[in-house]
Structure formats: structure tokens, C-alpha cells
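We count ligands from 1, going down the list as the structure has it; atoms in each ligand are counted the same way. Side-chain atoms are counted along with the backbone in the values below, which use heavy atoms only and exclude waters and symmetry mates.
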Amino acid sequence: MTSALPDYDQAAALVAAYAQALRSLRPAHERVELSQASGRILAAPLSADSDQPPFARSTRDGYACRAAEASTHKTLAVTGATRAGQTPSGPLPPESVWEIMTGAPVPAGADAVIMLEHVEASGANKIRLLPPRSIKPGENIVAQGAQAHAGDELLPAGTALRSGQIALAAACGYASLDVFVRPRVAILTTGDELVPVASAPAPGQIRNSNAPMLAALVAAAGCEPWVLPTAADNAQALDAALAQAASADLLLISGGVSAGKFDLVEPALARIGARFHFTGVRIQPGKPTVFGELPRPASSPLPFFGLPGNPVSTAVTFLLFAAPVLAALSGNAESFPRFALARLAPSADRHAKAGLTRFLPANCDFATTPGQQPQVSFVPWHGSGDLVALARSNCFLVIPEDAHSLEPGSLVRILLP
Ligand code: AMP
Ligand code: MG
């Protein structure tokens, strides 16, 4: 049975192709205040309203000068001063320097700025460049338009807005931005054993932790979570819940996709005409993951993922398969899933499982010293239901299907959240 399932690379390629095709359906736009734009996706290019920087700017406190003159070390008169926020009262006269502060416009005629620390006073209101230093034209000045010219496109549509992009938008005068409307993602948890977080579980019951976890993952992916009531493990409950989800942009179902007697999600999806792209992947955890789409008479098909209910499986399969589709639906041009390389710390051995790519909870220390790679270690775990291990991890260590063992100190791949 297992060999008929796609391996990780095949399933990932299928999801990537599906996500790519979705990119032709451009999401609707809306306008948001700059203060609300963090985490949103730019829907129209961001352009420079003026040259950046708008004037030749000093990057130091010191003296604007002509580099050739100053480099002779002759004494030069200080003929003016400009602070940030002022404009120079005139051009730099010959045989002189101009006192200038960081961020201030450089007077016409000056081609360099001598750092305050590199001069000596030489008589009243006179300085000279300390020998043996010399200074080159352009030093400590950013020319007008060096970063961009007025009208240049600075960021394309599809850019995820974080602090740097928001700062640039502010510098260019955008008090609000055109962003894509966030996709609405229905989250359907299934299981007779589940009770809400505020309830005390009776014997045999557990609290529903996947609904809040998936809501957090969906929100972190820049989408709007829509948590549906939990469905019981019976056909009627599932049919009703699936009908309710029909207006979503994507449907995430947790639980009920394994091979057990009460795993009724796949048959329920099949009853309403689901087209399945895969019904399992050769990975661990997360092997029973289901991906497909539901027909909708009046609109585009509804993509869905059936994620196994064990929390580590749910988290891993969301990151591997749902995240790339959500990025496409959001108009986010970044690629997902995100992998990185890290050095394996000496830690308990974790073996490969024949025929399965594994994604195990791990902790990566990114605070390395120069020249050192991030160091990753396994978090002790008790299988895919181990929420404690999940919560103590910050990534998943990838064990390739064909790896015999991973040597401490070797470079390994990690899946980032
Ligand atoms: P299932 O995928 O439905 O076979 O469930 C696999 C395991 O995950 C079982 O131990 C379930 O109790 C557990 N599980 C399923 N759904 C959830 C959920 N929403 N929150 C926490 N655990 C869950
Ligand atoms: Mg179940």
C-alpha cells in the first residue's frame, strides 16, 4: 500500500504546481492604514515619490569639504554650518569647510565629509585633516537618488509587508497601502473525544488543541481563521460541517483521515464529489494527509487538506502542504515551505524509517558567533501526539528517506515554522 503513495518530493511538487496555478486568480484588494499593514501583502507596486535620499546627505558629524583640498592637510576656514532638518545657506566657498551633522544636506561644491574625529582645530574657526589621513570624493556622503529615483518601482505587488517595507512606505509618503484581502480559511476539527478548551475532559476525552493551533498557524500565514464547531465522528455531522465550510477560500480538516473504523472524513468528502490529489504521503508524522478540492457550482473549487489529528502531524503537514497553497491564495510571492541548513548537535540518535521522510520536533539555536552555523538538536518526543515536545521545539529536523543515520556535526535540513 505504502509504495503506491507519493513520497515527500512528489507530494510537494504536486502542491507547488497547484499553488502556482492558483496564482492566476488574483485576490481582491483593500486599503489599510500603514499602522495596520504589518503582515499583509502588497497588492499594487510601491513607488518612490521622490529621489531617495531626496538630497545629498551626510552620514557623519564632521566637515563637508572638497576631498582634494582637505587631503593636502592645509588649514581650512569653517565658513558655515548645517544641522539635520536645515538646508545649507549657500555653496561651499573655495578653501573652506562646512560644519555638518549626520542626516543634513551637503552644501553644493562639497564632495566629501571629514569625520569630526579626524580633524584638529587650527586657530579660531579653522581646522585641518589630521595627517597622514586622506579623504576620497564621495566619502561619508550618500548622493541624491543613490537608493532610488522619483517614480522608480521599489517593491512589487506580492511583497509581504514587515517592518522594513513599512518604513520604506512611510518614507515615500504612503499613509495607507493597497493590500490583498486575506483568504478565509475554514478550520474543521473532528473527533468524538474532543471538548472545548474551557471544559474539563471526562474520562477518555481530551481538549481540542488543534483548533487554536491551526487558527494561530493560519493567522501567522496572513490569512483569516474561521473556526467551525467541532464535528462528531459520524456521517451526518460531517456532511453538515462540510456544507457549512463551502463558502471558505480553503478548508482545513483535522482528524478522521487515518484508516480506522471512525475515520470518516474521506468518505464524507467523496460523497460531495471531492477530487483527491493525494490521500497519503510517505512522511512521518503525517502519512494519512489528504489533499484535494471540492466542486462549487457558482465559483472556483474549494481546496481542502485533511490533516491527521495528532498535533505534531497536524503542525508538520500544515507547514509542508497547506502553507504554500495559503501563500498563493494570499497573493504572497514568498515561497513555502521554508527550509534551512543547520549543524546537528550531539544528541540522542534518531533513525531513518525505511521509505518515509521524517520531520521531527527540534530546537535550533540561531544565535551563533561569526563563522558558526546554527546548531540544531532533537527535542525528546513520545510520538506524533506529543504536544509538550511540539511546544518546546522551534523547527522540525528532516531525516531523508534514504538516510541511514545522521552524524552529529553534519549539516542537516530543518523545516522552519
Ligand atoms: P485522528 O487523526 O482523528 O485519528 O486522531 C489521531 C489522534 O489525534 C487521536 O489521539 C486524537 O485524539 C488526536 N486528536 C484528533 N483531533 C485532535 C484535536 N483537535 N486536538 C487534539 N488532539 C486531537
Ligand atoms: Mg479522530
Side-chain angles (χ1 to χ4, degrees), residues 1-2 5 11 185-220 225-242 244-245 248 250-271 274 276 278-292 304-322 353 356 358-361 381-393 396 417:
M1 266 310 269
T2 301
L5 297 177
V185 179
I187 296 168
L188 173 61
T189 46
T190 71
D192 287 342
E193 73 279 28
L194 302 177
V195 298
V197 55
S199 303
Q205 295 183 325
I206 57 165
R207 293 195 184 90
N208 181 352
S209 56
N210 281 348
M213 177 174 74
L214 285 170
L217 285 165
V218 164
W226 174 29
V227 178
L228 299 173
T230 296
D233 290 318
N234 65 67
Q236 297 84 327
L238 289 171
D239 290 348
L242 292 180
Q244 207 189 343
L250 181 126
L251 168 61
L252 296 174
I253 308 162
S254 125
V257 288
S258 310
K261 194 168 166 189
F262 297 100
D263 291 320
L264 305 172
V265 166
E266 250 181 79
L269 289 163
R271 275 197 293 282
F276 293 98
F278 55 71
T279 56
V281 186
R282 277 151 47 202
I283 58 172
Q284 202 259 340
K287 192 166 143 225
T289 304
V290 172
F291 171 40
F304 65 79
F305 287 93
L307 309 177
N310 268 318
V312 184
S313 317
T314 316
V316 164
T317 53
F318 176 93
L319 294 174
L320 292 178
F321 304 119
K353 282 206 168 176
L356 299 174
R358 306 186 77 192
F359 300 88
L360 301 182
W381 85 320
H382 296 92
S384 55
D386 192 343
L387 257 178
V388 176
L390 179 68
R392 288 178 177 166
S393 69
F396 298 93

Self-check item: Per atom 3 (O) of ligand 1, closest listed option by heavy atom (G204, G256, G191, G309)
Solution: G256
Exercise. Find all atoms of ligand 1 within a distance of less than 4.0 Å from any non-hydrogen atom belonging to S254, and give their numbers and elements.
Key: 16 (N), 19 (N)
Quiz item: Could you walk me through whether L319 and F396 pass the side-chain contact (heavy atoms from CB on, under 4.5 Å) check?
Solution: CA-CA 10 Å; L319 294 174; F396 298 93; 3.7 Å; yes
Quiz item: If you draw a 6.0 Å radius around CZ in F262, do more than 12 non-hydrogen atoms from other residues or ligands fall strictly inside?
Solution: no
Practice problem: Could you tell me the residue and atom name of the protein heavy atom closest to atom 19 (N) of ligand 1, and the distance to it rounded to 0.1 Å? | Solution: N208 OD1, 2.8 Å
Quiz prompt | Spacing of CZ belonging to F305 relative to CG belonging to L251, to within rounding of 0.5 Å | solution = 10.5 Å
Quiz item: For ligand 1, is there an atom lying under 4.0 Å from some heavy atom of G385?
Solution: no
Quiz item: Is it the side chain (CB and beyond), the backbone, both or neither of T230 that lies under 4.0 Å from ligand 1, heavy atoms counted?
Solution: neither
Self-check item: Heavy atom of the protein closest to atom 21 (C) of ligand 1 (residue, atom name, distance)
Solution: S209 OG, 3.2 Å
Quiz item: Where is the nearest protein heavy atom to atom 7 (C) of ligand 1: which residue, which atom, and how far?
Solution: N310 OD1, 3.3 Å
Quiz prompt | ligand 1 atoms in contact with I206 (distance to a heavy atom under 4.0 Å) | solution = 12 (O), 21 (C), 22 (N), 23 (C)
Quiz item: Got a sec, which residues hit side chain to side chain contact (heavy atoms under 4.5 Å, CB included) with S393, two or more places apart in sequence or on another chain?
Solution: P361, V379, L390
Quiz prompt | Evaluation steps, side-chain contact (heavy atoms from CB on, under 4.5 Å), between L269 and F276 | solution = CA-CA 9 Å; L269 289 163; F276 293 98; 3.9 Å; yes
Exercise. Note the single closest protein heavy atom to atom 11 (C) of ligand 1, along with its residue, its atom name and the distance in Å.
Key: E193 OE2, 3.0 Å
Practice problem: Sequence neighbours left out, what pairs pass side chain to side chain donor-acceptor pair (under 3.5 Å) with at least one residue falling in residues 186-199? | Solution: T189-N208, T189-T230
Quiz item: To which of N210, T189, V265 does the heavy atom nearest atom 17 (C) of ligand 1 belong?
Solution: N210
Quiz prompt | Heavy-atom donor-acceptor pair, D386 side chain to V388 backbone, under 3.5 Å | solution = yes
Quiz item: Should we count CZ of R392 as having more than 12 external heavy atoms under 6.0 Å?
Solution: no
Quiz prompt | Under-4.0 Å heavy-atom contact with ligand 1, by part of L194 that carries it | solution = side chain
